[in-house]
Every structure is written in C-alpha cells, then in structure tokens.
Amino acid sequence: MSWDEALDEITAKLTSIAAEHGPESVLPYSYAGTIGQLGYASMDRRFFHRFGASQLDRTICASAGAEALNRVYGTRVGTSPQEFANAGLIIAWGANIHGNNIHLWPFIEQARREGAKLVVIDPYRTRTAALADTHLAVKPGSDLLLALSVMHVLFREGLQDEAYLDECAHGWRELRDHALRAEHAPENAATIVGVDASEIEALAQAYGKAGREGRKPAVIRMNYGIQRAENGGHAARAVAMLPVITGSWKLRGGGLLLSMSGAFGFNGAALQRPDLMQCSVLGREARMINMNELGDALTTLNDPPVKAMVVYNCNPAAVAPDSTKVLAGMGREDLFTVVHEQFFTDSTDFADIVLPATTFLEHKELMGSYGHRLVQLSDAAIAPLGEARTNVWLFGQLGLRMGFEPEWFAVAEDALIDEALETRHPWMQGITRAQLEAEKQVPLHFPETLPWSTRAWFTQTPSGKAELLPVPVWVAPTESHVTAQAYPLQFLPRKADNYMNTTFANLSGHQQMERRTAGVLEMHMTDATARNIREGDEVRVFNERGVIRLIAKIDEQVKSGVCAARLDWNKLSREGANVNALTSQRLTDIAGGATFYSTLVEVQRV
Ligand SMILES: Nc1nc2c(c(=O)[nH]1)N[C@H]1C(S)=C(S)[C@@H](COP(=O)(O)OP(=O)(O)OC[C@H]3O[C@@H](n4cnc5c(=O)[nH]c(N)nc54)[C@H](O)[C@@H]3O)O[C@H]1N2
Ligand SMILES: Nc1nc2c(c(=O)[nH]1)N[C@H]1C(S)=C(S)[C@@H](COP(=O)(O)OP(=O)(O)OC[C@H]3O[C@@H](n4cnc5c(=O)[nH]c(N)nc54)[C@H](O)[C@@H]3O)O[C@H]1N2
Ligand SMILES: [Mo]
C-alpha cells in the first residue's frame with residue numbers, strides 16, 4: 001500500500017480501538033534505535049501523549065544502573081574516556097569493553113603501554129577478559145558481595161581516604177562498620193563469589209594502594225552487565241561507592257565511568273511534551289507499562305487490555321524477556337500491530353502493517369552520549385532510499401491525520417533540534433544549532449575540576465555529599481547459584497561482539513564474524529560430562545519458562561556451573577526460539593530493570 005493508505009488505515013484503526021477500549025489500549029513499544037535525541041524521543045512521544053496511549057517505562061537496558069548512580073551521586077557523570085589513559089589500574093566490572101565499547105579501548109591500550117594493569121570482573125571469558133592481566137570469573141549475581149568484600153579489605157587495611165570521606169561522603173562510618181562484618185571478609189565471601197579469597201584480597205589491595213606513594217590511580221569502568229541481575233541495582237550502587245572510599249576522584253585518571261548521560265541537559269520536556277497527556281481524551285497522565293513485562297502486558301493485562309501496539313526503534317520479539325509469552329501476545333489475532341523498521345526482523349513478522357524506516361545515514365540527528373562530553377550533529381549522508389521515512393516524519397503525519405494541533409505536529413527536524421538545545425542546563429549554555437552545523441561536535445561546558453573531586457560537585461543529593469546510606473546489603477538473586485535446585489546452571493544470554501543487540505544479525509558479513517558462537521551453548525567440561533554431553537551434541541536448554549535447542553560447545557569461556565549462549569534473531573535460531581525463551585520478567589531491586597543475567601536452566605542431550 002502507499003504511505004497515504006497506510007497512514008489512513010493506521011489512523012482509522014487506532015481511532016476505533018480507542019473509541020471502543022479507551023486510548024490506553026494502544027501501547028507504543030520502542031527503545032534506542034539509532035539513539036538520537038529526535039528519533040529516540042520527540043515526535044513519537046508527543047503523538048502518544050496527545051493520543052492518551054499507555055506510557056512505556058523504558059527499562060530494558062540501563063534503568064537500574066542509572067538509578068544506582070543517581071542515588072550515590074545525584075546524577076550520572078563520571079571519568080571521561082580520555083582520562084583512562086592516565087590510570088595505573090583499570091577495572092572492567094561487568095563491562096565487555098573490547099566487544100561493546102570499543103571506542104574506550106585505545107585509551108586503555110595507551111595506559112597499558114605505560115604500565116597500567118587491566119582487571120576484568122566477568123563470569124564469561126570475553127575478548128576483554130582474554131586480553132586482561134587478571135580475569136576474575138565471578139559467579140553471575142555476586143558483585144554486590146564482591147564489592148562489600150573489597151570494602152572490607154580497604155577498611156581493614158586503613159586504605160580509605162578519611163579526609164575525602166569526611167568532606168564528601170554521608171554515612172561512611174556506618175558503611176565501614178557494615179563492610180567490616182565477618183561475612184564480608186574475603187575468606188567468607190569467596191565461595192559465593194566463586195573465586196579464591198586471595199584473588200579478592202589482591203584486587204582490594206591493588207585498588208586501595210593505587211594512587212598512593214607515587215602510583216597512578218585506579219579507575220573503574222563499570223558497565224551495564226552488572227545491573228542485569230535481580231540484585232543489580234544495589235550491586236551497581238556498591239561498586240559506585242568504591243572510588244568515594246579511596247578518594248580516587250581527586251586524581252587525574254581515577255574515578256569511575258558508568259554513564260555520562262547526566263552531563264547533557266537536552267530539553268526533553270520541549271521535545272516530548274508530557275503535558276499533552278492532559279489534552280488527550282484521557283485528560284490525565286496515562287498508565288505506565290514496564291517494557292520488561294511486555295509478555296504479561298499482552299497476555300494478562302486488563303482495564304483496558306492492549307489492543308494495538310506501535311513498534312519502532314526496537315525488535316521486541318527477539319529482545320524482550322520471557323519471549324514465549326511475548327510471542328504468544330504478539331501473535332494474538334485481535335492485536336493490531338504496526339512496526340516501523342529498516343529490516344524484516346522477528347517483530348515485523350507479527351505486524352499488520354510494516355513501515356520503512358530510515359537509517360542513521362539517511363536522517364539528521366542530535367546526539368548526546370553515554371561516555372564522552374560532546375554534543376554532536378549527525379548529518380544525513382544520503383537522501384532516504386526508497387520510501388523510507390524518519391520517526392519524526394511518521395509520528396508528525398499520524399498526529400496531523402488525527403487532527404492534532406499543527407503547531408506541535410507539523411514541526412521539522414531542525415526546529416526540534418532548536419527546541420532540544422533551548423535548555424537551562426549550565427553545561428549546555430550557548431550551544432546552538434548554528435555552531436553544531438559549523439563544527440559538528442561541540443564540547444559541553446564541563447567544569448575544569450575533576451568530577452566529584454570536591455564537595456562542590458555534590459549538589460544533587462539530599463545530604464550534599466555522596467550518599468552511602470542505606471548500606472548495600474548482599475541478597476542473592478531468586479535465580480542464582482545460591483538458590484539453584486531444579487535448574488542448576490546459571491545461564492548468560494549474551495550480546496554478540498559484532499551485532500548491536502539484534503541489529504546486523506541478518507547480515508552475512510556480520511554472521512561470518514560471529515560464526516564461533518552461532519547456535520551454540522558454551523559449557524564447561526565438568527557440567528557436560530555430568531550430563532553425558534559431548535562437543536557437537538544437540539542439547540535442550542530449558543527451565544519453567546521455555547526450551548531452546550543449541551549445539552554444545554565445550555570450552556573455557558565459562559566456569560563450571562555457568563553456561564552461555566548469545567542473542568540472535570528467533571527466525572535465525574534452531575526451532576525459531578532464541579535465548580529470551582529462557583529469561584524472566586522478574587525486575588531488578590531498583591528501578592524496574594531487566595534481569596537477563598539472573599536465569600537458571602538445565603541442559604539435556606537430545
Ligand atoms: N558489539 C556490541 N556492542 C554493543 C552492544 C551489542 O549488542 N554489541 N549493545 C550496546 C548496548 S544496548 C549496551 S546496553 C552496551 C552494554 O555493554 P555492557 O555493559 O558491556 O553489557 P553486557 O554485554 O550486557 O554485559 C557486560 C558483561 O557483563 C557480564 N556479566 C553478566 N553477568 C554478570 C555478573 O553478574 N557480574 C559481572 N561482573 N559481569 C556479568 C557479561 O558476561 C558481559 O560480558 O553495549 C552496547 N554496545
Ligand atoms: N538475552 C538478552 N536480551 C537482551 C539483551 C541482552 O544482552 N541479552 N540486551 C538488552 C538491551 S541492553 C537492550 S538496549 C535491548 C535492545 O533491544 P532493541 O532496542 O530492540 O535493539 P535492537 O535489537 O538493536 O533493535 C533495534 C531495531 O531498531 C531499528 N532501528 C534503528 N534505527 C531506527 C530508526 O531510526 N527508526 C526506526 N523506526 N527503527 C530503527 C533497527 O533496525 C533494529 O531492528 O535488548 C535487551 N535484550
Ligand atoms: Mo542496552
């Protein structure tokens with residue numbers, strides 16, 4: 001059909017569904033796509049707010065870790081990537097830098113050429129771990145206990161920076177007393193963490209002594225791997241406290257980086273217009289649906305049920321947890337589904353209408369960052385191919401067809417960029433589109449002093465200092481090696497080094513690069529032998545949520561008790577089911593995040 005016919009049909013369908021079931025029966029489902037300020041959240045949000053659709057809580061990736069940082073520091077700011085070159089000890093904690101964050105790697109290499117050591121804390125032997133000086137192959141979900149154990153040694157040895165703590169931290173003596181409890185001593189924590197006590201001891205000693213007596217400082221690259229566990233919010237919070245304890249923020253090349261997103265103050269309210277919910281037929285704020293609970297939202301939710309789903313920037317059929325339920329829901333005959341996509345993904349297979357989307361090469365975007373401190377303009381390199389249209393255009397058109405106000409919906413990309421840059425954020429003052437057009441990237445007006453180096457930085461926490469309370473308490477995830485019974489193996493449903501979540505998984509060049517782990521379950525010899533499984537055998541991997549079939553690969557990437565397989569499209573997987581058939585909709589302890597890495601399974605030879 002033509003674009004005109006498609007837009008008319010979608011408008012008519014959404015209108016009649018809203019008339020019968022209320023506008024909240026329409027659910028937008030999106031994540032980052034090509035990640036720009038406009039494509040991620042601008043006209044799309046305006047449209048759904050004005051319509052009165054259910055809101056989507058976008059928690060699938062980073063919500064627990066982001067909130068953990070907010071709780072300790074009040075916002076999300078950290079060591080800049082370039083500063084890693086000045087570190088003497090780099091800890092990659094739940095961070096596959098060489099696979100997922102390759103642009104940080106050159107600075108790590110630079111530091112290592114000057115003698116820095118790299119420690120990787122990851123249950124899987126990633127490319128990053130294989131290149132490290134030390135790899136701590138911890139049990140999934142044990143980071144909270146490991147962080148407390150590191151704190152135990154720091155305080156036991158008097159390696160804390162008391163002057164910094166007194167000035168900049170709230171509750172450090174309570175944290176010290178808690179950390180010094182016997183259960184946090186390395187010899188008592190080691191079994192649960194899954195490493196030797198001596199390894200924890202060595203890590204803590206190296207971390208605590210870095211930056212002292214002429215040594216270069218330690219920096220932690222914490223990444224989101226750590227917070228995809230049920231206790232991941234408090235685990236991330238505990239790790240985030242470590243550089244406060246040692247005062248490592250005071251030194252160039254010290255500190256910690258999870259996210260820099262708090263340094264960018266784009267005017268999200270102007271782009272997204274949450275106030276438009278008040279002008280919708282609902283006349284109030286619409287209900288919120290956690291995107292990790294899509295399976296339940298499509299199969300059990302009522303008052304009203306979800307009757308239409310509009311998918312863009314996302315491939316929920318492949319990436320959302322508990323996919324047996326997700327696919328049952330997306331397969332409902334009475335669900336009207338629209339997907340705006342670049343490729344015929346697993347999700348387009350469920351669509352009533354597929355709309356062609358532009359790629360980042362075909363649209364103009366305003367970019368922030370997770371790591372660096374540059375505002376960037378990403379120009380369209382070519383005109384859109386075929387009939388591909390941008391997210392902004394699509395939702396603007398739908399708004400106009402709905403009869404919504406042209407002053408909010410007939411708005412072009414450049415005007416949206418201007419609105420996004422109209423902000424009171426102090427670090428973005430004076431940054432304009434004209435400057436970005438000329439220079440393409442403009443540094444934030446970031447303060448001269450190192451982040452969190454003095455108390456003056458802590459303006460956004462209740463105490464005006466780093467918040468170390470409540471003390472982080474070790475609790476095992478519901479699904480972990482501590483709790484394992486019927487399903488004894490911890491399962492890592494991992495990202496590919498050469499795909500972007502599920503983007504590129506259909507491209508043969510990328511598939512070639514991911515050959516080693518295509519359709520494979522990586523297991524340790526001990527677990528394989530106990531199940532009479534040999535290399536190359538077909539195996540069933542299952543739990544109470546689902547079953548998938550893979551080929552056993554016996555290697556040293558995982559320790560016994562842990563197995564791993566990587567995320568792929570369902571339709572490129574054996575029997576059409578990928579790793580998310582096994583993951584759960586359970587949420588993290590903080591901020592409703594996804595718990596992909598808190599998954600237990602059993603494995604059988606077919
Ligand atoms: N090549 C590539 N790059 C990507 C992506 C991609 O798919 N491919 N995805 C992008 C996206 S959306 C994101 S959010 C980032 C994410 O980048 P990362 O934050 O690095 O995320 P993950 O790969 O999920 O997890 C990192 C590591 O954590 C390990 N891990 C799992 N459980 C635990 C645990 O309990 N403790 C510890 N210490 N480690 C654990 C995993 O084995 C994994 O190697 O990468 C982005 N970059
Ligand atoms: N098992 C398991 N599941 C996971 C993860 C994991 O590590 N393991 N990682 C989780 C994480 S961290 C994340 S962030 C999510 C990511 O999940 P998704 O957000 O679904 O990410 P992708 O799989 O990359 O799919 C993005 C889709 O958006 C499309 N797209 C790109 N740009 C645009 C655009 O401008 N407009 C439109 N309309 N479409 C566009 C791409 O073609 C692609 O199909 O997956 C989560 N799921
Ligand atoms: Mo992500």
Side-chain angles (χ1 to χ4, degrees), residues 29-36 38-40 44 58 60-62 65 92-102 120-129 136-144 146 221-229 231-232 235 239 258 291-292 311-321 323 339-343 345-348 355-360 362-363 365 370 388-392 394 477 480 490-506 557-558 562 564-569 578-580 582-583 593-594 596-599:
Y29 200 91
S30 74
Y31 200 62
T34 35
I35 262 190
L38 308 188
Y40 178 63
D44 56 317
R58 291 172 173 81
I60 203 165
C61 173
W93 204 322
N96 180 14
I97 298 168
H98 200 271
N100 300 348
N101 181 198
I102 191 70
V120 171
I121 303 172
D122 193 314
Y124 184 89
R125 192 165 182 273
T126 58
R127 314 209 293 217
T128 321
L136 291 185
V138 297
K139 295 283 190 187
S142 68
D143 305 274
L144 181 45
L146 175 59
R221 173 47 166 164
M222 169 161 63
N223 214 347
Y224 288 109
I226 188 175
Q227 49 96 72
R228 306 193 206 291
N231 57 7
V239 173
L258 173 62
M291 71 187 297
N292 296 321
V311 178
Y312 56 103
N313 291 350
C314 197
N315 185 10
V319 303
S323 60
V339 181
H340 186 221
E341 248 303 346
Q342 301 165 348
F343 295 105
T345 64
D346 286 336
S347 299
T348 59
L355 304 170
T358 47
T359 66
F360 72 98
E362 303 163 86
H363 56 234
E365 263 293 5
Y370 293 173
R389 296 287 183 272
T390 66
N391 296 7
V392 169
L394 166 63
S480 73
Q490 289 187 283
F491 180 60
L492 296 174
R494 306 186 61 259
K495 295 179 193 299
D497 289 332
N498 301 289
Y499 305 154
M500 183 68 187
N501 300 305
T502 66
T503 305
F504 311 134
N506 55 320
Q557 308 305 116
V558 287
V562 180
R566 76 166 159 67
L567 183 60
D568 212 329
W569 283 14
N578 77 4
V579 291
N580 279 324
L582 303 169
T583 56
F596 295 107
Y597 295 149
S598 294
T599 301

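Note that ligands are numbered from 1 as they come in the structure, with each ligand's atoms numbered from 1 the same way. Note that the structure is predicted; figures quoted are calculated from it, not measured.
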For His340, counting its heavy atoms only, list the atoms of ligand 2 lying under 4.0 Å from any of them. 37 (C), 38 (N), 39 (N)

Looking at Asn580, which atoms of ligand 2 are within less than 4.0 Å of one of its heavy atoms? 1 (N), 2 (C), 3 (N)

So does Leu355 get a backbone contact from the side chain of Glu341, meaning a donor-acceptor N/O pair under 3.5 Å? no

Asn313 heavy atoms, cut-off 4.0 Å: which ligand 2 atoms fall inside? 19 (O), 26 (C), 27 (C), 28 (O), 33 (C), 34 (C), 35 (O), 36 (N), 37 (C), 38 (N), 39 (N), 40 (C)

So how far is it from Ser30 OG to Met291 CE, rounded to the nearest 0.5 Å? 6.5 Å

Dump the intermediate steps for side chain to side chain contact (heavy atoms under 4.5 Å, CB included) on Tyr40 and Ile35, then the final yes or no. CA-CA 6 Å; Tyr40 178 63; Ile35 262 190; 5.9 Å; no

Ligand 2 contact on Thr34 by region, counting heavy-atom pairs under 4.0 Å: both

CA sep, side-chain torsions, deciding dist, call: Asn96, Asp497, side chain to side chain contact (heavy atoms under 4.5 Å, CB included): CA-CA 9 Å; Asn96 180 14; Asp497 289 332; 3.1 Å; yes

What's the shortest heavy-atom distance between Pro316 and Val311, and which atoms? CD-CG1, 3.6 Å

Roughly how far, to the nearest 0.5 Å, is CD of Gln342 from OG1 of Thr34? 6.5 Å

In Å, rounded to the nearest 0.5 Å, how long is the span from CG of Leu492 to OG1 of Thr126? 11.0 Å

Distance under 4.0 Å to a non-hydrogen atom of Ala357: what atoms of ligand 2 satisfy this? 36 (N), 37 (C), 38 (N)

Between Cys314 and ligand 2, which residue portion shows a heavy-atom distance shorter than 4.0 Å: side chain, backbone, both, or neither? both

Quick check on contacts: which atoms of ligand 2 are under 4.0 angstrom from a heavy atom of His363? 35 (O)

Report, in ascending order of atom number, the atoms of ligand 2 lying under 4.0 Å from any heavy atom of Thr358. 34 (C), 35 (O)

So, the side chain of Asn231 versus the backbone of Gly141: is there a donor-acceptor pair under 3.5 Å, distance only? yes

Close-range residues for ligand 1, whose non-hydrogen atoms fall below the 4.0 Å threshold: Cys61, Trp93, Gly94, Ala95, Asn96, Gly99, Asn100, Ile121, Asp122, Pro123, Tyr124, Thr126, Pro140, Gly141, Asp143, Asn223, Tyr224, Gly225, Arg228, Leu492, Arg494, Lys495, Ala496, Asp497, Tyr499, Met500, Asn501, Tyr597

Applying a 4.0 Å heavy-atom criterion (strictly less than), which segment of Thr345 is in contact with ligand 2: side chain, backbone, both, or neither? side chain

Taking atom NZ of Lys495 and atom OG1 of Thr502, what is their separation to the nearest 0.5 Å? 10.0 Å

With the side chain counted from C-beta on, respond yes when Asn506 and Trp569 share a heavy-atom pair under 4.5 Å apart, and no when they do not. yes

For ligand 2, indicate whether the residue Thr583 contacts it via side chain, backbone, both or neither (heavy-atom separation under 4.0 Å). neither

Look up atom CZ in Arg494 and atom OH in Tyr597, then write down how far apart they are to the nearest 0.5 Å. 6.0 Å

The reported gap from CG in Asn315 to OG1 in Thr345 (rounded to nearest 0.5 angstrom) is 4.0 Å

Relative to the heavy atoms of Val579, which atoms of ligand 2 are at a distance of less than 4.0 Å? 1 (N)

Sub-3.5 Å N/O-N/O distance, Gln342 and ligand 2: yes

